[in-house]
Amino acid sequence: MGHKKDNDQLRTERQLDKLKWETAKELGLDDDLANAGNELTTREAGKIGGNMVRKLVKAGEKALAEEGDRKARLNLKDDL
């Protein structure tokens with residue numbers, strides 16, 4: 001049973017890492033992120049993190065809206 005939890009956690013970490021690199025590339029900071037040793041400033045890291053959070057919030061809002069639409073459609077079918 002522990003394997004599923006481990007796999008889910010690894011999948012989530014990979015997805016967040018992918019989002020981090022995608023966001024850094026959009027901001028033109030992917031080179032700095034690749035050489036993060038002395039290249040990535042606190043400001044740049046915060047910029048990447050902040051934009052990642054915005055994307056995650058938008059994705060969550062979209063998922064909630066889609067779930068609400070799906071439930072509304074199901075309720076309409078039940079009423080017919």
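Numbers for residues simply follow the sequence, beginning at 1. Model, not experiment: these values are computed from the prediction.
Atoms CE and CD, from M52 and E26 in turn, are 11.5 Å apart once rounded to the nearest 0.5 Å. The NZ atom of K47 sits 6.0 Å away from the CG atom of L29 when rounded to the nearest 0.5 Å. Atom OG1 of T23 and atom CG of D30 lie 11.0 Å apart (nearest 0.5 Å). Remark: N51 CG to K20 NZ distance equals 14.5 Å, nearest 0.5 Å.
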Compile the donor-acceptor pairs under 3.5 Å between side chains in residues 59-68 and protein atoms, sequence neighbours left out, one pair per line.
{"unit_1": "E67", "atom_1": "OE1", "unit_2": "R70", "atom_2": "NE", "d": "3.4"}
{"unit_1": "E67", "atom_1": "OE2", "unit_2": "R70", "atom_2": "NH2", "d": "2.8"}

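Listed by chain and number, the residues in a side-chain contact (heavy atoms from CB on, under 4.5 Å) with L16 are T12, L56 (sequence neighbours excluded).
Comment: R14 does not engage D17 in a salt bridge, judged by the lack of any side-chain N to carboxylate O separation of less than 4.0 angstrom.
Around NZ of K25, the count of heavy atoms belonging to other residues, nucleotides or ligands within 6.0 Å does not exceed 12.
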Original post:
Does the side chain to side chain contact (heavy atoms under 4.5 Å, CB included) test come out yes or no for Q15 and L19, once each step is laid out?
Top reply: CA-CA 6 Å; Q15 289 171 336; L19 178 62; over 6 Å; no
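By the criterion of side-chain heavy atoms lying less than 4.5 angstrom apart, applied directly or through intervening Ile, Leu, Val, Met, Phe, Trp or Tyr residues, L27 is grouped together with L33 in one hydrophobic cluster.
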